[in-house]
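Contents: one structure, followed by commentary.
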Number of protein chains: 2
Amino acid sequence: MAIGRSPSVKDVAASAGVSLGTVSNVMNRPEVVSPATRERVERAMAELGFVRNESARQLRAGTSRTLAYVMLEGSNPFFHDVAAGIEMAAEDSDLSLFICNSNGRSGREEVHLDRLMQQRVQGILITPVDPGARHLADIAKRGIPVVIVDRVGEGGAFCSVAVDDVLGGRIAVEHLVEQGHTRVAVIGGPESIGQVRERLEGARQVWAELGMKPDDLTYLPTSEMTVAEGRSAGERLAGLPARRRPTAAFCANDLLALGLLQQAIGAGLRIPEELAIVGFDDIEFAAAAAVPLTSVRQPRQELGRAAAGLVLDEATNPAHEHQQLTFVPELVARASTVARARSY
Amino acid sequence: MAIGRSPSVKDVAASAGVSLGTVSNVMNRPEVVSPATRERVERAMAELGFVRNESARQLRAGTSRTLAYVMLEGSNPFFHDVAAGIEMAAEDSDLSLFICNSNGRSGREEVHLDRLMQQRVQGILITPVDPGARHLADIAKRGIPVVIVDRVGEGGAFCSVAVDDVLGGRIAVEHLVEQGHTRVAVIGGPESIGQVRERLEGARQVWAELGMKPDDLTYLPTSEMTVAEGRSAGERLAGLPARRRPTAAFCANDLLALGLLQQAIGAGLRIPEELAIVGFDDIEFAAAAAVPLTSVRQPRQELGRAAAGLVLDEATNPAHEHQQLTFVPELVARASTVARARSY
DNA sequence: ATCGGCGTCTGAAACATTTCAACCCGCCCC
DNA sequence: GGGGCGGGTTGAAATGTTTCAGACGCCGAT
């Protein structure tokens, strides 16, 4: 029913017997219009079911009321938690948040960014496939605020918010060594992912510094950061000769760790006695695993919140300077590494 | 750098020495413009770094190129999988997808819907807090296509795509009875959530039909559908006197089931021998739990895809008729109910 | 009386695009 | 050589909002 285009300011103005400008004022600066007319206009709006046309507003204003987040992997709850943090901040500034998912593919990422530019979003938050990509630099050059999330931008060309991944890798492996492990596996990949590279790097660093034998740190590469790949890594681990087999594993994210955990339990291993496992991210399901997972916590929502703050600053503050925020990761020890850890 | 507003069609036209209309044609109907001019215009666009202003396009065209999905609970991966399905369909039609999250609160839902109307989205997909809510009906009355996802709309006022929740509850409990259980717990809540109501309803139906004693079906209500509530239900379960204590539980979603599972294992119960567990949704983490979880699978992405199809039909096909699509849920038996189930 | 100022309201311009009727020009056909 | 045709291009109108310079009426002060 109720067919026909939706009513415009003009219709409201006619119905209330005032001019266009007045209707606009009622919406945007109610204090300048007399209570009587305001009331009349508001009634007219309600009667006609008027809904402001955001495209027109935006066209005239030149700026939209939305932020966008392009996440790296929709299947990893970590990114949804980051998004939730951004959303809260956006909400506080009365902005909408547009969420996209590049799924790790640079092509999709570019398509999304293109669309976002067409929409003239106020700012773009992104966990990029490659922080050095041309299309990112191009956007920034246009003057659109871009903030890199969970990676640090190259050469300070962008604001960024991240956790110190090298440090994260360090504390994870340090913890395992403290628990008495002398043979450790590090699991993750592909190394084209910056986060992976740095976490593994941290692991190697601290391994060397603690004076452990280089050969006793086994790297098991994966092709993705998924539960399935974690299981597969578990199988490879089990295939190693007993005397060389690691007694603990550090996985570059929780999805891998969860897969490994499941495979290990299925194979009858006792956790953590026969295999200790540390993950990364501390997603909600890490604590909820049947053997609660020790993990390197990133302040997920905080990350998002801070990133939103930076993008807003860049959008509104003329004196804005790019900054690289780094959060400190924190080890959350649970039963997957400590025999009788209190679990939550 | 590169300050100043971004170039418009007019600038491109000037730079290429043609009229506005021609530039527009290059973008929208390239076949009507001669290869030579087209080439010239395209070069000008590239040089100036022209990006079409979507607001202006939309204002003139009266219609946007975006769909929206308002999900019920951002913390439940199930909805993200539905969203992924929608996104694929949107992609096929060259539409963008705007994702919002009401977090179960009717107020947020309304705010989001309001914004979406202002943006003149092509259609709205929503898993509503309450499918009977006024604001939903209002939107539909305006002629904006609305499709209810994972619930069926009341009185056929909307298109909807859902799984037969009653049937889902039936097959879950039927499965438990087949495994020889005679005392079963059903866990979920609050009952204000329609999905919960129907799943429990199905459970009760089949329990009666199979001639089981009504008193042997224990209902443990929860205040939310979260992992934490699942654990708490587990504690209440453990508190029941042994002779009345159920030997199996049907949880209204996987998050609850995961929490219950974890609590039970922590308490030293053997799964499924001492407690069998069935969840609902079959989210990815269900299979990845340390004791892989038996669950009632909903075709998550399919749900989203189908919903997108309906909303598009309603948006473009004048002869559109509302329809209620119902998918059939499917039991996926894993180790949490069947002692030596193959796990994946 | 005149003036200034204030509170309220108006009307038109501007935003960037799409669409459409009209136009131009060269060509072919009669 | 005139008429018609059709491909290519133009120019202007239209979309719904915001903004801004001004108009209007009224009051108090000069």
Side-chain angles (χ1 to χ4, degrees), chain A residues 4-42 44-45 48-66 114-115 117-122 142 144, chain B residues 4-42 44-45 48-66 114-115 117-122 142 144:
Chain A
R5 75 189 205 322
S6 58
S8 72
V9 212
K10 202 189 306 189
D11 302 319
V12 174
S15 155
V18 298
S19 80
L20 295 198
T22 302
V23 177
S24 174
N25 281 336
V26 169
M27 293 190 285
N28 304 309
R29 326 226 246 332
E31 69 281 3
V32 311
V33 14
S34 78
T37 24
R38 177 163 64 210
E39 218 266 342
R40 203 144 36 91
V41 170
E42 271 161 359
M45 294 212 256
L48 297 176
F50 170 78
V51 176
R52 183 218 241 102
N53 184 324
E54 177 65 18
S55 313
R57 209 217 104 254
Q58 196 164 308
L59 173 59
R60 172 66 229 226
T63 164
S64 78
R65 307 287 302 152
T66 106
D114 216 62
R115 265 206 240 272
M117 303 204 54
Q118 296 191 5
Q119 318 223 33
R120 302 291 194 270
V121 291
Q122 279 228 327
R142 279 211 161 69
I144 300 180
Chain B
R5 75 187 207 321
S6 57
S8 72
V9 220
K10 201 190 306 190
D11 301 319
V12 174
S15 155
V18 298
S19 80
L20 294 198
T22 301
V23 177
S24 174
N25 282 335
V26 169
M27 293 190 285
N28 304 308
R29 327 224 247 332
E31 69 281 3
V32 311
V33 13
S34 78
T37 23
R38 176 163 65 210
E39 219 266 341
R40 203 143 36 91
V41 171
E42 272 160 358
M45 295 212 257
L48 298 176
F50 169 79
V51 177
R52 183 218 240 102
N53 184 325
E54 177 65 17
S55 313
R57 208 216 104 254
Q58 197 164 307
L59 173 59
R60 170 68 229 223
T63 164
S64 78
R65 306 287 303 153
T66 105
D114 217 59
R115 265 206 239 273
M117 302 204 54
Q118 295 190 7
Q119 318 224 36
R120 302 290 194 270
V121 292
Q122 279 229 328
R142 278 210 161 69
I144 300 180

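In this text the structure is predicted, and so the values were computed from the model without any measurement. Throughout, protein chains are lettered first and strands after them, A, B, ... in sequence-line order, and every chain is numbered starting at 1.
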*Looking only at non-hydrogen atoms, find the nearest pair between L48(A) and S15(A) and report the distance.*
CD1-CB, 4.0 Å
*Can you name the nearest heavy-atom pair linking R142(A) to F50(B), along with the distance?*
NH2-N, 4.2 Å
In this structure, how many angstroms lie between the [atom2] atom of [N] and the [atom1] atom of [X], rounded?
X	N	atom1	atom2	result
N25(B)	dC20(C)	CG	P	11 Å
D11(B)	dT17(C)	CG	P	9 Å
Q58(B)	dA16(C)	CD	C1'	13 Å
N28(A)	dG16(D)	CG	P	17 Å
K10(A)	dT10(C)	NZ	P	16 Å
M45(A)	dT17(D)	CE	P	10 Å
R38(A)	dC9(C)	CZ	C1'	14 Å
R40(B)	dG8(D)	CZ	P	14 Å

Would you say [N] has OP1 or OP2 under 4.0 Å from some side-chain N or O of [X]?
X	N	value
T37(B)	dT9(D)	yes
S19(B)	dG11(D)	no
S34(A)	dG7(C)	no
S55(A)	dG16(D)	no
R52(B)	dT18(C)	yes
S24(A)	dT18(D)	yes

Can you tell me which nucleotide in [options] comes closest to the side chain of [X]?
X	options	answer
T22(A)	dG16(D), dT10(C), dT17(C)	dT10(C)
V18(A)	dT19(C), dT10(C), dT18(C)	dT10(C)
M27(B)	dC9(C), dT18(C), dG16(D)	dT18(C)
L20(A)	dT18(D), dC9(C), dT10(D)	dT18(D)

*Kindly say whether, by distance alone, the side chain of R60(A) makes a donor-acceptor pair under 3.5 Å with the base of dT18(D)?*
yes
*May I ask you to test the T63(B)-R120(B) pair for a side-chain heavy-atom distance under 4.5 Å?*
no
*Find out whether R65(B) and R115(A) are in side-chain contact, i.e. whether some heavy atom of one side chain is under 4.5 Å from a heavy atom of the other.*
no
*For the side chain to side chain contact (heavy atoms under 4.5 Å, CB included) test, which of Q119(A), Q122(A), R57(A) pairs with S64(A)?*
Q122(A)
*Let me know, please, whether A61(B) or A61(A) comes out on the 5' side of the other along DNA chain C by nearest nucleotide.*
A61(A)
